[in-house]
Amino acid sequence: MQDQKYQVAVIAAMKAGKSTFLNSIIGADVLASETAACTICRTDVRHIKPGETPKLLEYREGERKPVILVKGDAGEIQQKFLQRTREIREQGNPDHTTRFEIEHPIEAISQLSSLTGFTLVDTPGPNEWESANFNINALKQTALEALRTCNAILFILNYASYKDNAVADLFKDVVENRKDFIAENTGKIYFILNKVDQKTERDKEIADVIKDLERELVGFGFCNPVIYPASSRQGLLAKLIQQEKATESETKDFKKFFSARYATEDEEGNQIIPAPRKIAPQALADSGILTIQETVIQRITQNSGWNLLSEVVAEIDKAAKAIEDTLNTEIRGWEMGIEALKEKVEDYRRRSENARYKVKSVEKAVEQQKQILISGFSQGINTFRDEAKAQITSEIDKIAGSRSANSPNPKKSEFLSQQLQKVEKMGFVGQIVGEFGEALLGLIPVFGQGLGKAFKLSTSLWDKLSETVPDTFNGSVSEQDDKPEKFDPYIIRCKTQTEAQKILKTINDVCAPSIESWWIDTQDQLVREGTSIREQLAEKIQEDIQKISDELSNYLGDTLQVRLNINPIQFPSFDFPGIDAGIQRQVEVFTRTEKITEVKKKSRTKKSKSLCKGDKTYTIDVPIEKTIEVQDQRTIYQVDLRLTVKQIKQKIDDNVSGSQLLLEQVIEQQVSTDFKSAERQINDYINRFQNDFDRVLKERKTKEAEAPEILARLEYQKAKLIEYLSQLSSIRESLNSWKPVK
């Protein structure tokens, strides 16, 4: 249990009080909070034992070890963290920072020694995705990864603005196209209505606000949402005062904002305000923080702990019953005649070879299904590629079409009609992918159907170019070209190099984020569906190998006339990493490999950056052609839209190629590991009985005279084992008595 990781992700709209809430759970004012967006990238707060030195670490792309920014107390970490956050926001992340990690005791779990792997994951909220000079798509991906992988998700809502667009903005990108996934994971999603201390006498009762909020959340797709009211600031200050760690300023804040609520009157009607340390325990209880800690962390402990212990008990039970089968086999082997035993051993050898042949047949079927799964992923990625390329081409064609319409000699855009027809024919993205899903084991109706929302640019490229370079795009063609009969709508002629560079920058600024955002949505759906399919494929492997094992058990039981236990083929969930974990490991391997040599770095860039980890994947570098008009010796700078589209398409192809390779490797490895685990378990089972038979035969030849003593000893061992199994059964009953409710 100490090796297990328990991650609680916290997501919030800006100004919801997320940092203060996290600080109240941590029990220290360690995370900075200011008006501007503070969470510019993922920040993990990892629990350490009290007495250990807290640290602030910074992880950077391509570097295996983190940079230790500071060692010290909460105040020092907060100051350095805020300073570093400002630097990244203002300078545009020149060091390619990917995440921060704070090592600090978390007061909420200080009494739970089994949760040494507990981590609070601070993720940027949707309206923090647009913090200046930071890749918003990298932040979006961080939030979606948290939804898929964390043990619990806490959405922090601001009481003062829960009815505003902030709530809609918070869930619009996170929930859209993920309602089925949200519904399946309701048990790990919680909502915190923060800042309830701001309620005035004129406001609705908190209970009524929660009912309103419940209705709104149900509308977003959350079934039976669990909402906890909280005053994070009150809880944090109360904890600090109790711990005698509050600064003079924090004590003043507590007196100013919260002490008056606990005032009493003397006989003369004078108001008496108790000292902060006397009312801190009650203030902490009233803040709601303790309830959230006990409920949420208790649920995480109960769910994860129960699953882990249940699987451990199952492993022990399997081992004990294997010993029981061995004892029963040996006892029967000593009871029957030696010639009959030899015959049984030889017959078992033939049966076991047949079982191994059947296992190989399962392996072939698994290989076929694995290729179908890989093909499904590839088809989904290719659909993204084709749709993105078609839409970008269409957008450029619209520009050329509009420019041509303004020409004295209008020309039909060369790509426009065929590309639009292609997009229309494609229709609902992912239809081809669905065919693979229907073939896969007959278990999954559609794989990749829809691939999230339809791809579209966040803004009209024509409108943006007209705004950026109005003289070029709003002027007439005759003003730009002395020979309109040779006018090419795909060639934009500019008077200055700066203007030409603005055009390319605008195209990149509009196209790149839209493509990346849609790729993240596509990848999110592929990973979610792929994980589900992989789990079902593992269940199928388990079912097929279990059938072979049961056939062998039944044969042995019948031929030896003894009762043998079922040999369960197990896939413990604590040793069953998802696709996200596989991707992360592969990216880390590629990133480290890039550092070996500059040559290898260039050759592997596609792979390591294939998952849109905040890099400028689609930046275009189309050369600007400089020409001199002979007639009047003026210099013209030309931007070729055909070359621009070609380069964007190449960037998309590069991204797709790397992603396909990486996902194929992950799926190949994981499915192969699943089968090998099942194969090892059945082979161990086959070999165990073969070894048992061989041992009994060998002993029968040399120790026949000792048969009565050997049988007595085996019967004694069997009796002791039955006592052990009885104790194990009691443990199982005890464990089941606190089985968590999903």
Side-chain angles (χ1 to χ4, degrees), residues 1-12 17-33 38-39 42-57 66 69-78 80-81 99-123 146 149-156 188 190 192 194 228 230-246 250 280-281 284-285 287-305:
M1 287 192 72
Q2 291 183 342
D3 290 338
Q4 292 302 295
K5 292 183 179 179
Y6 306 87
Q7 294 188 326
V8 177
V10 181
I11 302 175
K18 179 178 58 175
S19 295
T20 305
F21 172 79
L22 284 166
N23 285 335
S24 69
I25 299 295
I26 298 166
D29 201 4
V30 64
L31 288 168
S33 178
C38 284
T39 314
R42 171 172 170 154
T43 301
D44 293 350
V45 182
R46 189 168 65 83
H47 176 64
I48 59 175
K49 295 178 181 178
E52 294 184 14
T53 303
K55 300 175 188 173
L56 173 62
L57 310 175
L69 296 179
V70 66
K71 293 181 180 180
D73 59 23
E76 292 173 298
I77 290 176
Q78 185 189 79
K80 184 63 179 180
F81 189 37
R99 70 181 179 93
F100 291 101
E101 183 176 289
I102 296 174
E103 296 180 357
H104 195 283
I106 298 177
E107 189 272 341
I109 62 164
S110 58
Q111 303 303 314
L112 299 172
S113 59
S114 63
L115 293 185
T116 53
F118 187 88
T119 302
L120 290 169
V121 181
D122 185 9
T123 63
T149 61
C150 288
N151 299 81
I153 310 293
L154 302 184
F155 286 104
I156 312 298
K188 74 173 191 179
Y190 305 85
I192 311 301
N194 198 21
Y228 296 99
S231 171
S232 297
R233 186 64 177 163
Q234 178 174 318
L236 172 61
L237 294 176
K239 275 190 177 184
L240 294 175
I241 290 169
Q242 275 189 304
Q243 298 168 4
E244 297 183 352
K245 294 180 179 179
E250 288 166 338
L284 177 57
S287 72
I289 294 300
L290 290 181
T291 301
I292 294 166
Q293 288 179 182
E294 292 167 3
T295 305
V296 176
I297 294 176
Q298 180 180 349
R299 180 71 62 87
I300 294 170
T301 310
Q302 193 170 2
N303 285 350
S304 300

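Position 1 is the first residue of the sequence, and the numbers go up from there. Since the model is a prediction, treat every value here as computed from it, not as a measurement.
The minimum heavy-atom distance between Pro54 and Pro105, with the atom names listed, is CG-CD, 4.4 Å. When every heavy atom of Ala246 is checked against every heavy atom of Ile241, the shortest pair comes out as CB-CG1, 3.8 Å. Counting all heavy atoms, side chain and backbone alike, Gly27 lies closest to Leu240 at O-CD2, 3.8 Å. For the pair Thr43 and Phe81, the tightest heavy-atom approach, listed with the atom from each and the gap, is OG1-CZ, 3.5 Å.
We find the CG-NZ distance between Leu69 and Lys80 to be 6.0 Å, quoted to the nearest 0.5 Å. Between Ile156 atom CD1 and Ile192 atom CD1 the span is 5.0 Å, to the nearest 0.5 Å. Rounded to the nearest 0.5 angstrom, Lys18 NZ and Asp122 CG are separated by 4.0 Å. Distance check, rounded to the nearest 0.5 Å: CD1 of Ile289 to CZ of Phe21 gives 5.5 Å. Atom CD1 of Ile25 and atom OG1 of Thr20 lie 12.0 Å apart (nearest 0.5 Å). Atom OH of residue Tyr228 and atom OG1 of residue Thr295 lie 4.0 Å apart, to the nearest 0.5 angstrom.
Taking Ser232 as the reference, Asn194 meet the side chain to side chain donor-acceptor pair (under 3.5 Å) condition, with sequence neighbours excluded. Scored by the side chain to side chain donor-acceptor pair (under 3.5 Å) test, Ser24 finds no partners at all (sequence neighbours excluded). Residues that satisfy the side-chain contact (heavy atoms from CB on, under 4.5 Å) test with Ala74, not counting sequence neighbours, are Ala28, Val30, His104.
Residue pairs satisfying the salt bridge (charged side-chain N to carboxylate O under 4.0 Å, His left out) criterion with at least one member in residues 43-57, sequence neighbours excluded, are listed as follows: Arg42-Asp44, Asp44-Arg99, Arg46-Glu101, Arg46-Glu103. Within the structure, side chain to side chain donor-acceptor pair (under 3.5 Å) contacts touching residues 237-246 (residues at least two apart or in different chains) are Glu107-Lys239, Lys239-Gln293. Residue pairs that meet the salt bridge (charged side-chain N to carboxylate O under 4.0 Å, His left out) test with at least one member in residues 20-31, sequence neighbours left out, do not exist here.
Leu284 is not listed as a side-chain neighbour of Pro281, based on a closest heavy-atom distance of 4.5 Å or more. No side-chain heavy atom of Ile102 sits less than 4.5 Å from a side-chain heavy atom of Leu120.
Checked by atom type and distance alone, the side chain of Ser287 never pairs as donor or acceptor with a backbone atom of Ala230 at under 3.5 Å. Using a distance-only test at 3.5 Å, with no hydrogens or angles considered, no donor-acceptor pair links the side chain of His47 to the main chain of Phe118. In this structure, Asn151 contributes its side chain and Gln7 its backbone to a donor-acceptor pair below 3.5 Å.
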